Novice: 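Here it is, the structure, as structure tokens.
Quick caveat: nothing in here was measured; it's all calculated off a predicted structure.
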Amino acid sequence: VESMDLVFRIQTGDIQNENKKINGVKVKDIPNYIAGKALFVNPTGIPDGSALYGIVANSKSVAIGGFGGSANEEGDGEDLTINDVTISGLRLNVNEIPVLYFDKCYDATSTDNTIQSGPFGYVFDL
């Protein structure tokens with residue numbers, strides 16, 4: 001948690017730069033910051049995922065899963081108007097990774113491939 005907190009504070013400007021001292025030690029020299037930066041900071045600044053959208057209109061909750069995969073009730077996602085919008089300069093760094101599935105661990109005859117994913121729809125990067 002300290003690693004993530006230090007990185008977050010640098011990225012958001014709460015700590016102005018890595019040379020600031022905390023308890024007499026420069027942030028850039030704190031082992032937890034070094035580890036956190038390697039894990040949480042995207043040095044290219046380009047999103048790394050499988051898709052990038054200029055606008056995502058989702059009727060309910062977070063926009064994960066397949067299109068049309070959310071259960072909708074009357075009133076969800078209705079009355080959306082978008083006028084005079086220009087979207088440009090979108091860039092994406094696609095990083096394909098293998099996924100985990102354990103169907104055959106539970107049933108050797110299974111032909112299913114149920115991908116293991118986290119609560120926000122991401123797959124685990126091995």
Novice: For Val1, which residues count as a side-chain contact (heavy atoms from CB on, under 4.5 Å) partner, sequence neighbours excluded?
Specialist: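 For Val1 there are no side-chain contact (heavy atoms from CB on, under 4.5 Å) partners, ignoring immediate neighbours.
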Novice: Measure across Lys104 and Ser110 and return the closest heavy-atom pair with its distance rounded to 0.1 Å.
Specialist: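 Taking Lys104 first and Ser110 second, the nearest heavy atoms are CE-O, 3.3 Å.
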Novice: Counting only heavy atoms from other residues, nucleotides and ligands, does the tally under 6.0 Å from CD1 of Ile46 exceed 12?
Specialist: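 Yes - once you tally the heavy atoms of other residues, nucleotides and ligands closer than 6.0 Å, there are more than 12.
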Novice: For residues 24-41, which side-chain donor-acceptor pairs fall under 3.5 Å, sequence neighbours excluded?
Specialist:
from  : atom 1 : to    : atom 2 : distance (Å)
Lys28 : NZ     : Asn19 : OD1    : 3.1
Asn32 : ND2    : Glu2  : OE1    : 2.7
Tyr33 : OH     : Glu18 : OE2    : 2.6
Lys37 : NZ     : Glu18 : OE2    : 2.8

Novice: For the hydrophobic clusters of this structure (ILVMFWY residues joined by side-chain heavy atoms under 4.5 Å, transitively), does one cluster hold both Phe8 and Ile15?
Specialist: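 Hydrophobic grouping puts Phe8 apart from Ile15.
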Novice: Mind checking what makes side-chain contact (heavy atoms from CB on, under 4.5 Å) contact with Gln116, not counting sequence neighbours?
Specialist: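 Here the qualifying residues are Leu100, Phe102, Phe124.
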Novice: How far does OG1 of Thr81 sit from CG of Asn83, to the nearest 0.5 angstrom?
Specialist: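 Rounded to the nearest 0.5 Å, the OG1-CG separation comes to 6.5 Å.
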Novice: Who pairs with Thr12 by side-chain hydrogen bond (donor to acceptor under 3.5 Å, both in side chains), at least two apart in sequence or on another chain?
Specialist: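 With sequence neighbours excluded, Thr12 shows a side-chain hydrogen bond (donor to acceptor under 3.5 Å, both in side chains) to no residue whatsoever.
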Novice: Remaining members of Ile87's ILVMFWY cluster at a side-chain heavy-atom cut-off under 4.5 Å?
Specialist: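 ILVMFWY cluster around Ile87 also holds Leu52, Ile55, Leu80, Ile82, Val85, Leu90, Leu92, Val94.
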Novice: Among residues two or more places apart or on two chains, list those pairs meeting salt bridge (charged side-chain N to carboxylate O under 4.0 Å, His left out) that have a residue in residues 106-117.
Specialist: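 Passing the test, one end in residues 106-117: no pairs.
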Novice: Can you list every pair that meets salt bridge (charged side-chain N to carboxylate O under 4.0 Å, His left out) and has a residue in residues 4-17, with sequence neighbours left out?
Specialist: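 For residues 4-17, and leaving out neighbouring residues, the salt bridge (charged side-chain N to carboxylate O under 4.0 Å, His left out) pairs sorted by first residue read Arg9-Asp14.
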Novice: Kindly write out the residues that satisfy side-chain hydrogen bond (donor to acceptor under 3.5 Å, both in side chains) with Thr114, not counting sequence neighbours, or none if the list is empty.
Specialist: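 Once residues adjacent in sequence are excluded, the partners of Thr114 under the side-chain hydrogen bond (donor to acceptor under 3.5 Å, both in side chains) criterion are Asp103.
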Novice: Please enumerate all residues that pass side-chain contact (heavy atoms from CB on, under 4.5 Å) together with Thr111, with sequence neighbours excluded.
Specialist: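 Partners of Thr111 under the side-chain contact (heavy atoms from CB on, under 4.5 Å) test: none.
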Novice: Using the side-chain hydrogen bond (donor to acceptor under 3.5 Å, both in side chains) criterion, which residues pair with Asn113? Sequence neighbours excluded.
Specialist: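 side-chain hydrogen bond (donor to acceptor under 3.5 Å, both in side chains) check on Asn113 returns nothing, list empty.
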Novice: List the residues meeting side-chain contact (heavy atoms from CB on, under 4.5 Å) with Ser88, not counting sequence neighbours, and say none if there are none.
Specialist: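 Per chain and number, Ser88 pairs via side-chain contact (heavy atoms from CB on, under 4.5 Å) with no residue.
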